[in-house]
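Working notes for the structure below.
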Amino acid sequence: MPTMLEVRDLVHQYGTGPGAHLAVSGLSFTVDEDQLACIVGPSGCGKSTLLRCIAGLIRPTDGSVTLHGDAVHGVPEDLAVVFQDYSRSLFPWLSVRGNVEFPLRTRVSGRAARRARAMEALEWVGLADAAGKYPWQLSGGMQQRVSIARALGSQPSLLLMDEPFASVDAQTRAELEDLLLRVRREHGSTVLLVTHDIDESVYLGDRVLVLSRSPAKIVADLTVDLPAQRDQITTRGSSTFVDLRTEIARLLHDKQSGQAGPTNGSSHASDEALAAERFLAAEREEASRQSTR
Ligand code: ADP
């Protein structure tokens, strides 16, 4: 598959002088067309900074971002972003269909064509019946589905998702994860999704890039060897899934506790699994604290 996104030696520092903060330190990776790549890393490690640099929302201090061969300077026309905070990204004064149509005004000529495209995107996410409603009349999960429809409606070359399911309850989160997998299977799209949830990164990704604590560096680039058709119960219970999440938790735990890279066999495998489980539990607690803030 051709390369869709190339990030090369990306560095981003906030501010200058003694108060400067290095958020991202020399990141390089590529994402192929039609791939769903997840970026997982602890809170505050620089994931959103990386995504904002890729989206052209902030200019990186150093390094480059190219989207299908074109250098990114400013927000590319054929890129869409879904943020965690759906309530702030939808326009309350526009209907659901109006929200999905909005970004199409510069991309699709003709009102009827824009309307048809918006309705198609709403059908993909199962919200065609809610087209005439307003965002505030919908549940949080439905509003995030509108955000996804709006992003997909413009048929972007790259869809960036920043913790897209972190603000909804666990049941809705599982439904939205499955919706993303289904839409991708049925319509194809290149997605880069950041999350601090290790399980989510494995469940959704074709590939998981694991980031270190701030300043973000890539500590592993792992292929997710699971079938495209996934299921919340059987996939999450499979040994491939469990092994991978344990491996990622161990990598993040090692980086946090200052141990270097993979262990050399001196520690017992079950101790490692236990440490990984504890790490996962601590990360989940931190995540739920953040979402209730
Ligand atoms: P993540 O998305 O992984 O939680 P962020 O990219 O939001 O991490 O932040 C990475 C680091 O950069 C954090 O230490 C954060 O405090 C810092 N940071 C983020 N935005 C700014 C900003 N506008 N100015 C200064 N520091 C920032």
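One is the number of the first residue; the rest follow in order along the sequence. Both counts, for ligands and for their atoms, begin at 1 and track the order of listing.
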>> Please list the nearest protein heavy atom to atom 14 (O) of ligand 1 with its residue and the distance rounded to 0.1 Å.
In response: His21 NE2, 3.1 Å
> In terms of the angle between their ring planes, are Trp124 and His187 parallel, tilted or perpendicular, with boundaries placed at 30° and 60°?
Replying inline: parallel
> Which residue supplies the protein heavy atom nearest to atom 27 (C) of ligand 1, what is that atom called, and how far is it?
Replying inline: Tyr14 CD1, 3.3 Å
> Do Gln144 and Ser147 have side-chain N/O donor and acceptor atoms under 3.5 Å apart?
Replying inline: yes
> What is the nearest protein non-hydrogen atom to atom 4 (O) of ligand 1, stated with its residue, atom name and distance?
Replying inline: Gly44 N, 2.7 Å
> So, does Gly15 sit close enough to ligand 1 that a heavy atom of it is under 4.0 Å from the ligand?
Replying inline: no
> Can a protein heavy atom be found under 4.0 Å away from atom 7 (O) of ligand 1?
Replying inline: yes
>> Could you identify the single nearest non-hydrogen protein atom to atom 5 (P) of ligand 1 and state the distance to 0.1 Å?
In response: Thr49 OG1, 3.7 Å
> Between Pro42 and ligand 1, which part of the residue brings a heavy atom under 4.0 Å of the ligand: side chain, backbone, both or neither?
Replying inline: backbone
> If you measure from the Lys or Arg side-chain nitrogens to the Asp or Glu carboxylate oxygens, is any gap between Lys47 and Asp162 under 4.0 Å?
Replying inline: no
>> My question is simple, although I want it checked carefully: is atom 11 (C) of ligand 1 less than 4.0 angstrom from any protein heavy atom?
In response: yes
> Salt-bridged, Arg173 to Asp199, with N to O below 4.0 Å?
Replying inline: no
>> I need the atoms of ligand 1 closer than 4.0 Å to a non-hydrogen atom of Ser48, numbered in the order shown.
In response: 1 (P), 2 (O), 6 (O), 7 (O)
>> At under 4.0 Å between heavy atoms, is it the side chain or the backbone of Ser43 that contacts ligand 1, or both, or neither?
In response: backbone
> For Phe241, is the NZ or CZ atom of Arg245 found under 6.0 angstrom from the centre of its six-membered ring and inside 45 degrees of the ring axis?
Replying inline: no
>> I'd like to check which ligand 1 atoms, numbered from 1 as shown, lie under 4.0 Å from a non-hydrogen atom of Ala23.
In response: 12 (O)
> Looking only at heavy atoms of Gly41, does any of them come nearer than 4.0 Å to an atom of ligand 1?
Replying inline: no
> By number and element, which atoms of ligand 1 are closer than 4.0 Å to a non-hydrogen atom of Cys45?
Replying inline: 1 (P), 3 (O), 8 (O)
